[in-house]
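Have a look at the structure below before the remarks.
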Amino acid sequence: MAFDKMELKDIEVWDGNYAAAQALRQSQVDVVSAYPITPSTGIVEGFAKFKADNYVEGEFVMVESEHAAMSGCIGAAAAGGRVATATASQGLALMAETLYQASGMRLPIVLNLVNRALAAPLNVNGDHSDMYMVRDSGWIQFDAYNPQEAYDLNFIAFKVSEDHDVRLPAIVNQDGFMTSHTAQGVHTMDDDTAFGFVGEYKPMNDMLDLEHPVTHGVQTEEDWHFEHKARQHNDMMTIVPGKIDEAFAEFEKLTGRKYNQVEKYDMDDADVAVVCMGTSVETAREVAKEMRTKGIKAGVVGLRVFRPFPFMAMADALKDVKAVAALDRSAPGGTPGALFNEIAGSLFNTDSKMLLSGYIYGLGGRDLTKKHLVDLYTELQANADAGKVLTQQQQFIGVRGPKLAYL
């Protein structure tokens, strides 16, 4: 039975979850295998409703855990289907084992990760702990700052992930509650245009293609394991960045909406800047404009692609800045934040004399306020004027009790 087309207005009021669900519908996903968890439930709930209302031909498979959800995705992708799911926090932690299976088997699955704190203590609100936990799992990672981007980046994720030169799974991150449950105007595409961008799914190494038998999930040990992982990493570092740029360019031509692996705001003449992800980018942009009225040349760098990390683009974005703050929304657990380390790695072999500070913020859904950012930019300007970092390298923003700073 043919599925029905859904008529959309040019601008719909959607939250991030529903925007992602619509993108899965319009991409004509064959299988969504899922176990709902807050705050990502609306994505798979939305797809299931589309299925019930005959807006998708694909199947919705309700399983008994997040580990089973990704296992179902792996089976469906290996069988030659376009596959997606969604999860968050503890669900991703339970799913982690299978993430490495999916990337190692080169299966183009799209996972919508609605970023949420990891227990303990138990917390259902947003931070980037789950995003950071799987940063080395071999998945491409995009980051959406708002519902519009949660919609757009799903199409781009399918486009890149399913490219036969790539064949690696992709995660689309969005902030729990701040994006997933906040409704905004979203510019839409009609069903035919959206599907035309993603294109018909073209299986590769399909285990149901009995004319061309293949083996999935092999055991290699020391003989070939190294070569498999080296090839996987090589493709992530040398092929994926170009494919992402191609998809961004094609999407801009189609919609007028432009994306970059590293987003730069007011950076042409910036003396001080913050680097961050998620909804914090938009807050930082607003404060940076206010700081400029006070004589501080403030800028913002937003990371759009977390993996593969765009080292060269990040170094280029920061090359003329005097002082920079890396904002990590994840408990570091005995090290500087991951974003701090990545930025330091980007700049290490360059001529940059930029001063780098690390800030931990927003854990468990704690607000990052404009006042926090005003103080931060003021501190960065003081560092720039002094020609050295005047504080300890790592600070916690907005934590109750005594000020916490290290290194």
Side-chain angles (χ1 to χ4, degrees), residues 1-34 42-61 73 76-77 79-86 108-112 140 142 144 146-167 169-170 172 174 183-204 206 243-259 304:
M1 181 176 66
F3 63 91
D4 297 328
K5 295 284 185 70
M6 181 178 285
E7 297 298 326
L8 301 175
K9 301 186 179 95
D10 291 340
I11 300 178
E12 295 276 359
V13 179
W14 292 341
D15 62 23
N17 277 344
Y18 195 72
Q22 284 282 3
L24 299 189
R25 178 188 68 80
Q26 291 187 309
S27 299
Q28 297 182 26
V29 173
D30 295 310
V31 176
V32 170
S33 172
I43 298 175
V44 295
E45 184 179 59
F47 186 86
K49 184 69 162 57
F50 296 145
K51 172 65 178 176
D53 293 342
N54 197 43
Y55 286 118
V56 294
E57 276 188 311
E59 297 297 327
F60 176 73
V61 183
C73 288
R82 174 171 287 159
V83 181
T85 190
I109 299 162
V110 171
L111 166 62
N112 278 272
I140 302 163
F142 298 96
N146 54 50
Q148 179 73 66
E149 295 169 2
Y151 177 70
D152 293 348
L153 290 175
N154 266 275
F155 300 115
I156 291 166
F158 281 114
K159 186 82 167 180
V160 174
S161 179
E162 294 175 359
D163 189 294
H164 280 194
D165 290 332
V166 174
R167 300 294 295 180
V172 179
Q174 59 172 294
Q184 294 181 352
V186 174
H187 294 268
T188 68
M189 295 183 284
D190 63 67
D191 286 2
D192 290 338
T193 300
F195 184 72
F197 174 78
V198 177
E200 292 281 351
Y201 185 68
K202 298 176 182 177
M204 184 177 180
D206 173 5
K243 295 293 184 178
I244 291 174
D245 285 342
E246 289 175 12
F248 282 167
E250 185 177 341
F251 194 80
E252 181 187 8
K253 186 176 180 180
L254 180 68
T255 67
R257 297 192 287 277
K258 181 175 177 59
Y259 292 104
R304 176 71 64 203

If you define the side chain from C-beta out and look only at heavy atoms, does anything of [X] sit under 4.5 Å from [Y]?
X      : Y      : value
Gln22  : Leu8   : yes
Lys49  : Tyr55  : no
Glu200 : Phe195 : yes
Thr193 : Leu254 : yes
Ile156 : Val172 : no
Arg304 : Leu153 : yes

Considering all heavy atoms, the nearest [X]-[Y] contact:
X      : Y      : value
Ala19  : Tyr151 : O-CD1, 3.4 Å
Ala84  : Val29  : N-CG1, 3.8 Å
Gly16  : Ala150 : O-CB, 3.9 Å
Ala170 : Ala157 : CB-CB, 4.1 Å
Ala20  : Gln174 : CB-NE2, 4.2 Å
Ala21  : Phe50  : O-CE1, 3.6 Å

[atom1] of [X] to [atom2] of [Y]: how many Å apart, nearest 0.5 Å?
X      : Y      : atom1 : atom2 : answer
Leu24  : Phe155 : CG    : CZ    : 8.5 Å
Asp152 : Thr255 : CG    : OG1   : 6.0 Å
Ile109 : Ser161 : CD1   : OG    : 8.0 Å
Met189 : Asp10  : CE    : CG    : 12.5 Å
Asp191 : Met6   : CG    : CE    : 7.5 Å

Salt bridge (Lys or Arg N to Asp or Glu O under 4.0 Å) between Lys51 and Glu59, intermediate numbers included: CA-CA 7 Å; Lys51 172 65 178 176; Glu59 297 297 327; 3.6 Å; yes
Check: Lys9 main-chain N/O paired with Glu12 side-chain donor or acceptor under 3.5 Å: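 Yes, because the side chain of Glu12 sits within donor-acceptor range (under 3.5 Å) of the backbone of Lys9.
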For Lys5, all residues meeting salt bridge (charged side-chain N to carboxylate O under 4.0 Å, His left out), sequence neighbours excluded: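 Checked Lys5 against salt bridge (charged side-chain N to carboxylate O under 4.0 Å, His left out); matches are Asp192.
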For Asp163, salt bridge (charged side-chain N to carboxylate O under 4.0 Å, His left out) partners two or more places apart: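 Lys243.
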Quiz item: cation-pi between Arg82 and Phe158, 6.0 Å / 45°: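 Verdict for Phe158: a cation-pi partner in Arg82.
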Axial cation check for Phe248 ring with Lys258, 6.0 Å and 45° limits: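 No.
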Identified side-chain contact (heavy atoms from CB on, under 4.5 Å) partner of Val44 from the options Asn112, Asn17, Val61, Val32: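 Going through Asn112, Asn17, Val61, Val32 one by one, the side-chain contact (heavy atoms from CB on, under 4.5 Å) with Val44 is satisfied by Val32 alone.
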Worked verdict on Val83 versus Val110 for side-chain contact (heavy atoms from CB on, under 4.5 Å): CA-CA 7 Å; Val83 181; Val110 171; over 6 Å; no
Intermediate values then yes/no, salt bridge (Lys or Arg N to Asp or Glu O under 4.0 Å), Arg167 and Glu162: CA-CA 5 Å; Arg167 300 294 295 180; Glu162 294 175 359; over 6 Å; no
Derivation and outcome, salt bridge (Lys or Arg N to Asp or Glu O under 4.0 Å), residues Glu149 and Arg257: CA-CA 10 Å; Glu149 295 169 2; Arg257 297 192 287 277; over 6 Å; no
Distance-only side-chain donor-acceptor flag, Tyr201 / Asp30, under 3.5 Å: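 No, because no side-chain N or O of Tyr201 sits under 3.5 Å from a partner of the opposite role on Asp30.
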Distance-only polar pair, side chains of Tyr18 and Glu45, donor-acceptor under 3.5 Å: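 There is no such pair between these side chains.
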Salt-bridge present (Lys159, Glu246; N to O < 4.0 Å):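 Salt bridge: no.
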